J.: 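If you scroll down you'll find the structure; I have some questions about it.
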Amino acid sequence: MYRCRDLLKGVDYECVRGNVDVEISELVNDSRKITKDCLFICIQGAKFDGHTAVIEAVQKGAAVLVVSKEIVLPEKSQTTVIKVKDTRYTMAFLAANYFGNPAKSMKIIGVTGTKGKTTTAYFVKYILEKAGYKVGLVGTIEIIIGEKVIPSFHTTPESYELQQYFKEMKDAGCQVVVMEASSQGFKMHRTQGFVFDYGIFTNIEPDHIAPGEHADFTEYLTCKSMLFRQCKIGIVNSDDKHWKQIVEGHTCTLETYGFEEGADLRGSDLKLMTGAGYLGIDFKVSGLMNLEIETDIPGKFSAYNALTAIAICRHFGVEEQDIKKALLKAKVKGRIEMVKVSDDFTLMIDYAHNAMALESLLTTLREYHPNRLVCLFGCGGNRSKLRRYEMGEVSGKLADFTIITSDNPRFEEPQDIIEDIKIGIGKTDGKYIEICDRREGIKYAITHGKKGDIIVLAGKGHEDYQEIKGVKYPMDERVIIQEILDELVQDRR
């Protein structure tokens, strides 16, 4: 049992009914999970307002209600009522206290930015583990706690789940947690209740500006900037034109990194590396550290991600050799993930599933001067048609050849989605073929690969399923590629 008063530490509240010394059995924010003697937090969500469930909570025996609105309870009710300004904000502190403030026992690293969060987080994990640290990870793809891997549904989980993960990580012996901190996470107060030891800003571009996300770019930027009022040391990419706006009003110590002059940690002499079925980068680091880095993840943005990771890991006393070895072998599932199929051409899997990401990826790969840049992609069903037009146009302009196929059609017909993509590609002179079955499309890409080609399988990335008519069927592109290669070997025999 927990004492209500103890869970309210750090919270500005008013007890409008009952007694804060009451004992509670558990913390609940979902009306479907209300139990006897629990503390129920009334959260107003997009579809349901927890305040409408207060009578139900009393009937089920909730000991405490935390509210932000006026509520009416039966006169004889013994339920304690705590009023706060914002129940979602308060939930973060209640959850931290409920789980014993586990973040205080570990070093917490928060990475925010439009692009690069996922790759940077994995780079940091690899480097610190190479140096002997036990590292937990919270991100877009998954949550990693020791040997336990949990699929992610949000880049930054709700505060209750996040504190629960922190507790599990602490119990598993983690010394460090690296997590992706999204703008929605800040907006929804998921990262309150603790302080980041290190806050990192990678870059910012207009994104997530839509109903239910952010009203405009100003709000998006403002939410990102909250990290630098919630961390002890801030590390920012000073090459980004918005970085001074991001750190405005900061309360942390600041460091900068980048490839332009003036950065505290500076990258320079970037070289694009090519080999048999291989693409990579090489660059020098000077300033706060001095070393040369090579990694087989291509593109200048990969160099930025690596430099970001170095800027973080130097605070942990990691040896230069450990950094070099870790980055040389670092891989991130579904993020420019190279899959060796031939010495003649290069094939990779990437999560690029909107026009901005696809344009960035294809532009980067063009810098390697391929014989042909081949792009295979589809678009998700029950999503904006505009995305389909835009992705079709981007691939038509930047790829030498496009294979239009299926992604997650959901409740739409795959061919209907392909027809929308063709409208976009039709605005260009880009050559293309349509192969509705994604597996057949991948086989076509592999069997028609030419010497010097770069082939990109875009859109699925780390996903290992295909969603059709409400059912998720197994589909891992790595498995498909291996099956195709095995079939080709058999055919040759």
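It should be emphasised that the depicted structure is a prediction, and the values quoted were computed from it without experimental measurement. Basis for what follows: all heavy atoms, side chains included, without hydrogens, waters or symmetry-related copies.
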J.: When you measure from the side chain of T52 to the backbone N and O of D49, does any donor-acceptor pair fall under 3.5 Å?
T.: yes
J.: Looking only at heavy atoms, what is the nearest atom pair of K107 and D197, with distance?
T.: CA-OD2, 3.3 Å
J.: Give the minimum heavy-atom separation between R410 and G381, together with the two atoms involved.
T.: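 Nearest heavy atoms, R410 then G381: NH1-O, 3.1 Å.
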J.: Parallel, tilted or perpendicular for Y351 and H462, by the 30°/60° rule?
T.: tilted
J.: Can you tell me if N97 uses its side chain to pair, donor with acceptor, with the backbone of F93 under 3.5 Å?
T.: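 Side chain of N97 to backbone of F93, a donor-acceptor pair under 3.5 Å: yes, one is there.
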J.: Between Y257 and Y304 (judged by ring centroids, cut-off 6.0 Å), do the two rings come close enough to count as a pair?
T.: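 Ring-ring flag for Y257/Y304: false, centres at least 6.0 Å apart.
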J.: Got a donor-acceptor contact below 3.5 angstrom from the T87 side chain to the V67 backbone?
T.: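 Not confirmed, T87 side chain does not pair with V67 backbone.
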J.: Between D37 and A63 (side chain of the first, backbone of the second, donor and acceptor by atom type, cut-off under 3.5 Å), is there such a pair?
T.: no
J.: Please determine whether a side-chain nitrogen of the Lys or Arg among E463 and K460 lies less than 4.0 Å from a carboxylate oxygen of the Asp or Glu.
T.: yes
J.: Q466 side chain to D407 main-chain N or O, any donor-acceptor pair under 3.5 Å?
T.: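 Answer holds: yes.
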J.: Please report the interatomic distance CG(L137) to CD1(I143), rounded to the nearest 0.5 Å.
T.: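 Those atoms lie 8.5 Å apart.
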J.: Which pair of heavy atoms, one from E205 and one from T114, lies closest together, and at what distance?
T.: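 Smallest interatomic distance, heavy atoms only, reads N-OG1, 2.9 Å.
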J.: Could you check whether H242 and F217 have their ring centres less than 6.0 Å apart?
T.: yes
J.: Of all the heavy-atom pairs spanning L39 and C4, show the shortest one and how long it is.
T.: CD1-SG, 4.2 Å
J.: Is there a donor-acceptor pair under 3.5 Å between the side chain of R388 and the backbone N or O of I421?
T.: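 Judged by distance alone, no pair lies under 3.5 Å.
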J.: Looking at side-chain heavy atoms only, is the closest gap between T80 and R17 below 4.5 Å?
T.: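 A side-chain contact is absent here, since even the closest heavy-atom pair is not under 4.5 Å.
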J.: Within the structure provided, determine whether E367 and L272 are in side-chain contact (heavy-atom separation under 4.5 Å).
T.: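 Counting from C-beta outward, E367 and L272 do come under 4.5 Å.
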J.: Any side-chain to backbone donor/acceptor pair from R335 onto T118? Under 3.5 Å, distance only.
T.: no
J.: Side chain of D239, backbone of F259: donor and acceptor closer than 3.5 Å?
T.: yes
J.: Can you check whether G380's main-chain N or O pairs, donor with acceptor, with N408's side chain at less than 3.5 Å?
T.: no
J.: Does a side chain donor of either T155 or T140 reach within less than 3.5 Å of an acceptor in the other side chain?
T.: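 Their side chains do contain a donor-acceptor pair, which is all the 3.5 Å distance test asks for.
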J.: Closest heavy-atom contact between R366 and L398?
T.: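 What the structure gives for the nearest pair is NH1-O, 2.6 Å.
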J.: With respect to L347, which candidate in I455, V456, L376 satisfies the side chain to side chain contact (heavy atoms under 4.5 Å, CB included) definition?
T.: I455
J.: Using side chain to side chain contact (heavy atoms under 4.5 Å, CB included) as the criterion, point out the one residue from I204, N203, N305 that pairs with K115.
T.: N203
J.: Check this for me, if you would: do K125 and E129 make a salt bridge, where the nitrogen-to-carboxylate-oxygen distance has to be below 4.0 angstrom?
T.: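 Salt bridge between K125 and E129, a charged N being under 4.0 Å from a carboxylate O: yes.
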J.: Please work out which of the three classes, parallel, tilted or perpendicular, describes the rings of F316 and Y198, given edges at 30° and 60°.
T.: tilted
J.: Are the aromatic rings of H250 and F228 close, with centres under 6.0 Å apart?
T.: no
J.: Spell out, as yes or no, whether a donor-acceptor pair under 3.5 Å connects the side chain of H154 to the backbone of T156.
T.: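 Not a single qualifying donor-acceptor pair exists.
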